[in-house]
Amino acid sequence: MSVEEAREFFRGHGLQPYRGEQVLGWIHRHGVHDYVEMNNLPSDLRAELGNIAPLRRASVADVRRSADGTVKLLLEYSDGNTAETVIMDHDYGVSVCVSSQVGCAMGCAFCASGVGGLVRNLTPGEMLEQVLEAAREVRAAGRERVTSIVLMGSGEPMHNYDNVVKFMSLVNWNKGLGIGYRHITISTCGIVPGIRRLAAEGISVTLSVSLHAPDDETRSALMPVNKAYPVDELVKACRDFADVTGRRVTYEYALIRGVNDSSEHAHRLIALIRGSLCHVNLIPINPVQEAGLARPEANVIQSFVDLLTAAGVSATVRRELGTDIDAACGQLRRRFLKNERGRFS
Ligand code: SAH
């Protein structure tokens, strides 16, 4: 519930609306999931709330802690579905990578999240729970609060647009987690209408686009979505996004040996995006057993980034975190399904 919805809910039950805001404050700021602990509410109200608005909490089915400080949580929701959340410690703060769907419909060749297809969308509350569990973990570790969110976990956020926008407004709530829109990144495989809608939303979130190839032939072979929204159309939408919002767009480019890592690919990429407000994030691909794709040698990665930089295109190679805990892209859930449950495999 948003604050307005909580107030309305309380009013509808003949209760004082500001009590709804207090309850949300406990949940968002303190991660409290039990009315008994909300000690600024009268005890008869707490008992009544337990009946009219029982609080649910996802259970943490698995926790993996990496030697580098990265933590991966696997949350299990009440219907038995699971989603992954990753907590990353950077020098500028703590970021949380949130999943927007259980599974994914997009079927990218290199991605573990899409292997079993889409199961269902996550609700705004279920996405919020990921952040609340992460915040609890962050507090327990004595670290700073959650400072940024990336919608870069499993799922395609633009396919769950309304829920994602509502989720962002929940974490943005100034009496709750208070995470500024500028510190929220939405990553999309390139759903052009979603990008255009987001540009018109009037919130200054950061857009990240999984490009991975500079031409239709290579991109369509990796990402079926390219057949619906080809490269030129996608990049045009990104340029427009940057123009309308003034925000720099990030292009994700996962380098795959012998597929998209040649100097010709680099030159095409430069021609495609040069002159727009953007940054290229090069990611040595995480090998996925099912897909049989490998990362290039370190010198090939370096030449690729050097070509971009020399042409005036801002580019960096993504620092890797959590490789020892299957932190990337749906890997933990797949392992969980395969080894321990086998429910959807
Ligand atoms: N559906 C959204 C967000 C989830 S994927 C999107 O496509 O952007 C998050 C990022 O991880 C995307 O850039 C995706 O392309 C990338 N990714 C998926 N599998 C990967 C792999 N095996 N190695 C490296 N990056 C991968």
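Atoms within each ligand, like the ligands themselves, are counted from 1 in listed order.
- No part of Leu293 comes within 4.0 Å of ligand 1, judged by heavy-atom distances.
- Between the CG atom in Asn163 and the CG atom in Leu128 there is a gap of 12.5 Å [rounded to 0.5 Å].
- Heavy-atom contacts of Glu252 reach the following atoms of ligand 1: 13 (O) (cutoff under 4.0 Å).
- Between Phe304 and His265, a ring centre-to-centre spacing not shorter than 6.0 Å is recorded.
- Between Lys236 and Asp240, at least one side-chain nitrogen of the basic residue sits less than 4.0 Å from a carboxylate oxygen of the acidic one, meeting the salt-bridge criterion.
- Taking the charged nitrogens against the carboxylate oxygens, Lys72 and Glu137 have no contact shorter than 4.0 Å, which rules out a salt bridge.
- With ligand atoms numbered from 1 in the order given, ligand 1 contributes 18 (C), 19 (N) to contacts under 4.0 Å with heavy atoms of Cys111.
- Within 6.0 Å of the CZ atom in Arg145, the count of heavy atoms belonging to other residues, nucleotides or ligands exceeds 12.
- When only interatomic distances are considered, the shortest N/O to N/O separation between Pro157 and ligand 1 does not fall below 3.5 Å.
- Using a 4.0 Å cutoff on heavy atoms, Gly155 counts as a contact of ligand 1.
- Neither side chain, Ser154 nor Gln101, offers a donor N or O lying under 3.5 Å from an acceptor on the other.
- Remark: among candidates Ser210, Ser187, Gly153, the nearest residue to atom 2 (C) of ligand 1 is Ser187, based on non-hydrogen atoms.
- With ligand atoms numbered from 1 in the order given, ligand 1 contributes 13 (O), 14 (C), 15 (O) to contacts under 4.0 Å with heavy atoms of His212.
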